[in-house]
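Below, chains carry the letters A, B, ... as their sequence lines are ordered, and counting in each starts from 1. Because the structure is a prediction, the values reported are computed rather than measured.
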There are 4 protein chains.
Amino acid sequence: MPAGRRTKRDVLSEFRTAEILGAARSVFAAKGFADATVDEIAQVAGVAKGTLYLYYKSKRDIYLAALKAGVQTLLDQLRERFATAETVAERIRAFVETRLVYFDQEPAFFRIYYSEFASAAAAAPASHRFVRDMYLEQIGMLADAIRTAPDRDRALRPLDPERVAAVVGELTRGLISDRTLHRGRATVEDEVRFVLDFVWNGLST
Amino acid sequence: MPAGRRTKRDVLSEFRTAEILGAARSVFAAKGFADATVDEIAQVAGVAKGTLYLYYKSKRDIYLAALKAGVQTLLDQLRERFATAETVAERIRAFVETRLVYFDQEPAFFRIYYSEFASAAAAAPASHRFVRDMYLEQIGMLADAIRTAPDRDRALRPLDPERVAAVVGELTRGLISDRTLHRGRATVEDEVRFVLDFVWNGLST
Amino acid sequence: MPAGRRTKRDVLSEFRTAEILGAARSVFAAKGFADATVDEIAQVAGVAKGTLYLYYKSKRDIYLAALKAGVQTLLDQLRERFATAETVAERIRAFVETRLVYFDQEPAFFRIYYSEFASAAAAAPASHRFVRDMYLEQIGMLADAIRTAPDRDRALRPLDPERVAAVVGELTRGLISDRTLHRGRATVEDEVRFVLDFVWNGLST
Amino acid sequence: MPAGRRTKRDVLSEFRTAEILGAARSVFAAKGFADATVDEIAQVAGVAKGTLYLYYKSKRDIYLAALKAGVQTLLDQLRERFATAETVAERIRAFVETRLVYFDQEPAFFRIYYSEFASAAAAAPASHRFVRDMYLEQIGMLADAIRTAPDRDRALRPLDPERVAAVVGELTRGLISDRTLHRGRATVEDEVRFVLDFVWNGLST
DNA sequence: TATGAATGAGCTTTCATTCAT
DNA sequence: CATGAATGAAAGCTCATTCAT
C-alpha cells in the first residue's frame, strides 16, 4: 500500500496546512481580505511568512483555500443530515438548521464566505466560478434532496426543486445575516419555525 | 427668491459632486473598494485627485456617499410606486419589480451595495450602522406599506409585517444576485412571477 | 508732496500687510514653518488664500517678511533705549532687558526667530545672509553702543566690543530660550541680575 | 558565553542601523527635517525604503534616533575628558574644547541638533522632553563636574554651578553657531581663549 | 484687487512577495 | 523544508501655487 508511506512528512504537511488555514480563517474573518496581512496570518499560524508561500502561492490562494475548507465542512454536515431525513419537510428543516447552527458556531467564517460571495461579481472574474460552484453545490444538494426524497409528499405543488432550493437558501442566508448583522431579536427556534412555516405554506397546494 | 441665488457656484459644485459620485460608482463597482484607486476615480471623473478631497475627506467617504446616493434613488422610486399601489399584493409586487428593475439597470451599483452590505459584519463596525440603516429603510418601507395598505386583504394570515417584508426582501435580493452572478436563465417576468406566487401562497390562509 | 497721495489704496494695502504678517507670525509660531499651512494663515488673516500671493510670492516669503517685521520692532526698541543710556553698563543692561521683555511678550515670535536662526545653516543657503544680517544688526548695535558710550568706563578691560557684544547676545539668548523652553525657574530680575553681574565681573579689570 | 551568540544576525543588524543613522544624519543635516525625504535617506544608506521601516517606525523616529546617537557620542567624549581633568578651570576648558571640536568635526550634526533644539518650543510638545533632556544632560554633566572637582579653587565666587554651567554652555553654543553660520574669523584657539578668559574673570573674586 | 476651486507633484507608509541562508 | 530580512511598487492624502471669474 504505497499511499500509506511517507507518513511523517505527510502528517507534518497536513498539520501545517490545517494550522495555516485555521489562522487564515480567523484573520480574514476579523479583518476582511484587504485588511488582513500575510504577516499576521503567519504569526497566528506560528510559522514564518515564507513558509506560507511554500504551501500556497499567494495571499488570495490562502484565502480561497480557507474558504473551500470551510464550505467542505458544511457540505459534509449537510450530507450527513440528509442521509437520515426522509421527507421533503425534514430535509428542508435539516438544511436550514444545519446552516444556521454552522454559521452560528462559525460567525467568522460566515463573514468571509458571504463577503466573498457578495463581491464575486465585482472585480475578480477568476473567483467567479469558484464562488458560484460553492453556492451551487449547497443549493444543488438541497434540490437533489428534494427531488429524491423517498416519500415525496403528494401535497406539494409541482414546483421546480432548483427554485425551491434557491428560495430556502436565500431565506436561510437572510436569517443568518440578520443574526450576524443585527444581533437577532428572536431565538433561533422561533426564526426557524417562521421560515419553515412560511416555506411550507408556500409549497403546499 | 433668495434661495435661488448663487446658482452659478452651486450648480458647478453639484455638477462636480455628480461627476465624482458617478465615477466612484463605476470604479468601485468594477474593482471593489480595496482595489479601486482614488487616482482612477479622479481620472474617470475628469478632475484632479486633489479635487476629490475638496468634496470628500477620504476614499471611504466617497464610497459611502456613492452608496447613499444610489440607495436614495432606489428609495425614491419605491416611495413613488407605493403611492399608486393599493393592495398588499400590489405593493409587494411593486417592491420586487422596482428593485429588480433598478438593479438590472444598475448592476454596477448593486455590486457595491451588496458587497458593502455583505462585509459590514466584518471588520468595519463604523459602517455597520450606515449599512444597517440602508437596509432597514428599504425593509421598513415595505413593512409600512403592508401595514397601511388601505384595503388590507382579509385572506392574509396575520403575520408580522416586518418578517414578511424581510422575507420578500431576501427573496428579491436572491433574485438579483442570481441574475448578477449567474446571468439568470429565466426572464425577469418569469422569476418575479415565481417569487410572487410563492410569497402569496405563503401569506394566504 | 506726491508721496502723500493715494492714501486710500496705500492704507488698505498696509492694513492687509499688517493683517497677514500678524496672522503669519502667530501661525508660524504655533506650528513651525513646515507644519503651518498657507490656508490657515489666510483664514486667520481673514483674507482669501489667493490674496496672500498678491502681496508675497511664496510661503517662505511671508515667513521671512514676518520675521523681518518682528526684528525691526525689536531693533527700534533697542535704538530707543540706547539713546537714553550713557554708560556701557547701562547700555548692556538696556540690551539684555529690552530683548528679554520683548521676547517675553512675544514668545511666539521668539520661536520663529530662533528656529529660523537655528536652521539657517541647514538647507536654505538663501536665507543664510538674511538671518546673519538679522543677527549682526542686533549685535552690531550693541557693539556700537559699547564703542561709542560717551563716558566709557575706565575700569573696563580693553576687550573687543564685537566679542563682548557677542557674549552678551549669547547669554541673553540663553536666558530667553531657557525661559521659553523650560519655563524658567527664577524671576526675570533675578536672571538679569545674574547675567549682568557675571558679565560685569568678566569685563572688569 | 551565551551573550556572544547570534553574532552574524546581530552584527548585520547593527551594521544596518549604523548605515541608516549615518545616512539620516547627513541627509537631515543637509535638508532639515521637513525637506529631507525618506527616499533620499534610503538611497544614501544603500537600502530599500522599506528596510528603514523595518528598523524605525517613522521618519521622525529615524530623526530622533540619529539625534540621540550623536548626542550620546558627545556625552561619552565629555565623560572621558572630565575623568582626567581635576580643577574647575580644566573641566570648563575640557567642556568647551570637546564641544567645539566635536561640532567642528560634525557640523552636519550640529545643524540638526541645534535646529531641533530650536524648534522644540514650537509645535511638537512630544519632542520637548527629549530635547530638554538632551540639553540638561550636557549642562548637568558640567554642573556636576564643577561641583565635584577634587581641588575646587578657593578663588572662585560661590556661584550656583547650574548657572555657571548654563553660561558656559551658552557661550560655547554661541562660539559654535558663530563658526557654523559665519565661518569664524578667528582661529579656534583664539576664540576658546577669549571665552575661557572671560568666564574665568567672571567666576573669580 | 480679491477670490477660492482646482491642480498635481510629491510625500510617508504599507505589505505581498522573494531569496540567501 | 523553513526562515525572516529585504525589497520596491503602489497607495492615500496634503498643500503651495495658479488662474478664471
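If you take OH of C:Y55 and P of E:dT1, they are 6 Å apart, rounded to a whole angstrom. Distance, D:Y63 OH to E:dT12 C1': 17 Å, rounded to whole Å. Residue D:L52 contributes atom CG, which lies 11 Å from atom C1' of F:dA6 at whole-angstrom precision. Rounding to whole angstrom units, CZ of residue D:F28 and C1' of E:dC11 are separated by 13 Å. Summarising the geometry, the separation between CZ on C:F33 and P on F:dC15 is reported as 13 Å, rounded to the nearest angstrom. If you take CD of C:E19 and P of E:dA2, they are 12 Å apart, rounded to a whole angstrom. A straight line from CZ of C:F15 to P of E:dA2 spans 11 Å, rounded to a whole angstrom. Atoms NZ (D:K59) and C1' (F:dC13) sit 15 Å apart, rounded to a whole Å.
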Taking it one step at a time, do A:I20 and A:Y56 satisfy side chain to side chain contact (heavy atoms under 4.5 Å, CB included)? CA-CA 10 Å; A:I20 291 170; A:Y56 303 94; 3.9 Å; yes
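Under the rule for a side chain to side chain contact (heavy atoms under 4.5 Å, CB included), B:E14 has no partner lying at least two apart in sequence or in another chain. D:Y63 is linked by a side chain to side chain contact (heavy atoms under 4.5 Å, CB included) to D:F28, D:F33, D:R60, D:L67, D:I112, D:E116, counting only residues two or more places apart in sequence or in another chain. In this structure, D:K59 has no salt bridge (Lys or Arg N to Asp or Glu O under 4.0 Å) partners at least two apart in sequence or on a different chain. Scanning for side chain to side chain contact (heavy atoms under 4.5 Å, CB included) contacts around B:Q43 gives an empty result, with sequence neighbours left out. Partners of A:K68 according to the salt bridge (Lys or Arg N to Asp or Glu O under 4.0 Å) rule, which considers only residues two or more places apart in sequence or in another chain, do not exist here.
The minimum heavy-atom distance linking A:I41 with A:A23 is given by the pair O-CB, 3.6 Å.
Listed by first residue number, the stems of DNA chain E with at least three Watson-Crick or G-U pairs below 3.5 Å are E:2-21 with F:2-21.
Look at D:Y56 and you won't find any side-chain N or O under 4.0 angstrom from OP1 or OP2 of E:dT13. Regarding contacts with the backbone of F:dC15, every side-chain N or O of C:T37 stays at 4.0 angstrom or more from both OP1 and OP2.
For residues 15-26 of chain B, the pairs satisfying salt bridge (Lys or Arg N to Asp or Glu O under 4.0 Å) are B:R25-B:E106, with sequence neighbours left out.
Nearest-nucleotide assignment on DNA chain E puts the 5′-proximal partner with C:R16, out of A:S58 and C:R16.
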Could you give the side-chain donor-acceptor pairs of residues 44-55 of chain A under 3.5 Å, partners two or more places apart or in another chain?
from: A:K49; atom 1: NZ; to: A:D39; atom 2: OD2; distance (Å): 3.2
from: A:T51; atom 1: OG1; to: A:A48; atom 2: O; distance (Å): 3.4

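Heavy atoms of B:A36 sit under 4.0 angstrom from primed sugar atoms or phosphate atoms, though from no base atom.
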Short heteroatom pairs, N/O only, protein and nucleotides 18-21 of chain F, under 3.5 Å:
none

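Taking OG of B:S26 as the start and CD of B:E40 as the end, the distance is 7.5 Å to the nearest 0.5 Å.
Within residues 38-48 of chain B, the residues that have a heavy atom under 4.0 Å from DNA chain E are, in order of number, B:V47, B:A48.
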